[in-house]
Undergrad: 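My questions all concern the structure below.
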Amino acid sequence: MSNKKIIAVVGATGAQGGGLARAILADKSGEFALRAITRDVASPAARALAAAGADVVAADASDAASVARAFSGAYGAYCVTFFWNTMSPEKEREEARNLATAAKQARLEYVVWSTLEDSRRWVKLDDPRMPTLMGNYKVPHFDVKGEADAFFKDSGVPTTCLLTSFYWDNLIHFGMGPKPGPDGRLVFALPMGQRKLPGIAAEDIGRCAYGLIRRGSEFAGRTVGIAGEHLTGAEMAAGLAQALGREVVHQDVPFDVYRGLGFPGADDLGNMFQFNHDFSADFCKARSVEFSRSLNPALQGFSGWATANAAKIPVT
Ligand SMILES: NC(=O)c1ccc[n+]([C@@H]2O[C@H](COP(=O)([O-])OP(=O)(O)OC[C@H]3O[C@@H](n4cnc5c(N)ncnc54)[C@H](OP(=O)(O)O)[C@@H]3O)[C@@H](O)[C@H]2O)c1
């Protein structure tokens, strides 16, 4: 039997956990083994992980007992929650609480918790700069993650709170890519004015998490942030132009207009961009690119990512 230390990865079939799963599997001589957690061990993605050498186990973050079973016997875990499944902060809080409780029950020696800032530390609920959403939040999918840091701290499990960044993959999967404008040029809408937004290839989040895990408990008890690059909308448009071989112009969007776009979560994302914009200096400072590269020497910059993914970025 292998004496490798088991890392239980929540969301192993998805973006963040998938990057970590692939990093562990690729490091054949490394000291860690992958336990991939999925709700459906029979799905094609779960089967592919099993075929690549992962131990694949079933658990649902909304069921604490199932997670505790899945964590049992592991050395460590990567914990991520799933706001966009339900768009319910209460559900996400429950998932995070369940993961922290299960980590404690399983006596894990190390956890990486995928988190974001609680924007209410910067923008109080009565601050009129942006609307309060769902009664108690400014940026619901940020605020609950930041709030949930306390579950991991209080659990006593040595935990690194990992501040992630805007996925560049949103340009492929989330409808945020450039669109043709009336004059035929591509228009890249990003409501960040002239300020810089820390971004990252989703795959690199898991690779950075693997860097943390490999460095043992050096970062336990700390909050660290990662990004592939800090860029303005205009700089991203230039990178897209180079990758796509077409002219791309950046278009700023007023936050109120973005909040009113009408798709589910537009108000949350409008507040998110405003928060990232208004506190850009803090947001960038918390996410050092150099530190991220020290965890993950293969860290991608935006131009390289866009060139490698040009065929996948929808432009219609
Ligand atoms: N998009 C961005 O720019 C961005 C940036 C920073 C942070 N985030 C945050 O990232 C989080 C999502 O992470 P992701 O992008 O890695 O997700 P993802 O790609 O949607 O993957 C999530 C995976 O987790 C599994 N899963 C879903 N619900 C689950 C549950 N209740 N219990 C256990 N497993 C579950 C699913 O696999 P199975 O179907 O196999 O179970 C799925 O493949 C969100 O909370 C979001 O706020 C996003």
Side-chain angles (χ1 to χ4, degrees), residues 1-61 63 65-82 95 99 102-103 105-114 157-160 162 164 167 169 172-173 200-220 226 228 292-300 305 308-309 312:
M1 193 179 144
S2 160
N3 57 3
K4 292 192 177 206
K5 293 175 176 171
I6 295 169
I7 303 296
V9 178
V10 179
T13 58
Q16 296 189 25
L20 174 56
R22 284 181 283 279
I24 297 172
L25 289 170
D27 189 5
K28 300 238 180 285
S29 58
E31 60 176 316
F32 300 101
L34 171 64
R35 183 179 292 166
I37 297 180
T38 173
R39 292 164 302 173
D40 179 6
V41 296
S43 73
R47 282 171 188 267
L49 284 170
D55 175 26
V56 179
V57 301
D60 190 316
D63 172 0
S66 75
V67 182
R69 282 193 298 276
F71 282 179
S72 173
Y75 158 80
Y78 186 75
C79 292
V80 57
T81 46
F82 310 100
E95 288 174 358
L99 296 177
Q105 277 176 14
R107 298 174 198 268
L108 297 186
E109 292 179 51
Y110 184 55
V111 162
V112 177
W113 157 237
S114 172
V157 177
T159 299
T160 302
L162 178 64
T164 61
Y167 304 175
D169 309 65
I172 300 174
H173 305 296
I200 195 164
E203 186 75 10
D204 279 330
I205 296 177
R207 291 181 187 160
C208 288
Y210 189 49
L212 289 169
I213 291 164
R214 288 180 61 189
R215 282 164 74 166
S217 52
E218 188 181 342
F219 295 101
I226 53 170
S292 308
R293 187 156 288 117
S294 76
L295 296 173
N296 165 23
L299 187 76
Q300 298 164 80
W305 174 87
N309 290 280
K312 295 189 211 157

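Numbers for residues simply follow the sequence, beginning at 1.
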Undergrad: Heavy-atom distance under 4.5 Å between the side chains of Asp169 and Trp305, does that happen here?
TA: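 In contact.
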Undergrad: Is a side-chain donor or acceptor of Glu95 paired with a backbone partner of Phe82 at a separation under 3.5 angstrom?
TA: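 Checking the backbone N and O of Phe82 against the side chain of Glu95, a donor-acceptor pair under 3.5 Å is found.
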Undergrad: Just how far is it from atom SG of Cys208 to atom CD1 of Ile200, taken to the nearest 0.5 Å?
TA: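 Between Cys208 SG and Ile200 CD1, I get 4.5 Å after rounding to 0.5 Å.
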Undergrad: With no hydrogens and no angle check, is any side-chain donor or acceptor of Arg39 less than 3.5 Å from a backbone partner on Asp60?
TA: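 Not at all, since once roles are kept as given, no pair shorter than 3.5 Å links the two residues.
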Undergrad: Can you tell me how far CZ of Arg207 sits from CG of Asp27, rounded to the nearest 0.5 angstrom?
TA: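 Spacing of CG (Asp27) from CZ (Arg207) equals 12.5 Å.
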Undergrad: Answer yes or no: does atom NZ of Lys312 have more than 12 heavy-atom neighbours from other residues, nucleotides or ligands under 6.0 Å?
TA: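 No, NZ of Lys312 has 12 or fewer neighbouring heavy atoms, counting only those of other groups under 6.0 Å.
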Undergrad: Kindly compute the distance separating CG (Leu212) from CG (Leu295), expressed to the nearest 0.5 Å.
TA: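 Interatomic distance, Leu212 CG to Leu295 CG, rounded to 0.5 Å: 4.5 Å.
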Undergrad: Do any N or O atoms from the side chain of Ser43 and from the backbone of Ala46 form a donor-acceptor pair under 3.5 angstrom?
TA: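 Yes, because the side chain of Ser43 sits within donor-acceptor range (under 3.5 Å) of the backbone of Ala46.
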Undergrad: Using atom types as modelled and distance alone, determine if a side-chain donor or acceptor of Asn296 lies under 3.5 Å from a backbone N or O of Gly211.
TA: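 No, Asn296 side chain to Gly211 backbone: no donor-acceptor pair under 3.5 Å.
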Undergrad: Measure the spacing between CD1 of Ile6 and CG of Asp55 and express it to the nearest 0.5 Å.
TA: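 Going from CD1 on Ile6 over to CG on Asp55, the span is 6.5 Å.
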Undergrad: Between Thr160 (side chain only) and Phe219 (backbone N and O only), is there a donor and an acceptor less than 3.5 Å apart?
TA: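 Side chain of Thr160 to backbone of Phe219: a pair is present.
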Undergrad: For Arg107, does the CZ atom sit with more than 12 other heavy atoms under 6.0 Å from it, leaving out its own atoms?
TA: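 It does not: Arg107 CZ has 12 such atoms or fewer within range.
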Undergrad: May I ask you to decide if the ring planes of Tyr75 and Phe32 are parallel, tilted or perpendicular, using 30° and 60° as cut-offs?
TA: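 Ring orientation of Tyr75 relative to Phe32: tilted.
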Undergrad: Are the side chain of Arg35 and the backbone of Ala70 linked by a donor-acceptor contact shorter than 3.5 Å?
TA: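 Side chain of Arg35 to backbone of Ala70, a donor-acceptor pair under 3.5 Å: yes, one is there.
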Undergrad: Could you tell me whether Glu31 and Lys5 make a salt bridge, using a distance below 4.0 angstrom between a side-chain N and a carboxylate O?
TA: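 Between Lys5 and Glu31 there is a salt bridge, with a charged N closer than 4.0 Å to a carboxylate O.
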Undergrad: Decide yes or no for Tyr78 and Val111: does some side-chain heavy atom of the first lie under 4.5 Å from some side-chain heavy atom of the second?
TA: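 Tyr78 vs Val111: side chains apart.
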Undergrad: Can you measure from CD1 (Ile172) to CG (Asn309) and round to the nearest 0.5 angstrom?
TA: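 So the CD1 of Ile172 and the CG of Asn309 are separated by 4.5 Å.
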Undergrad: Could you measure the distance from the CG atom of Leu20 to the CG atom of Leu34? Nearest 0.5 Å is fine.
TA: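 With rounding to 0.5 Å, CG (Leu20) is 7.5 Å from CG (Leu34).
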Undergrad: Between the side chains of Thr159 and Tyr110, does any donor sit under 3.5 Å from an acceptor?
TA: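 Not at all, the side chains of Thr159 and Tyr110 share no donor-acceptor pair under 3.5 Å.
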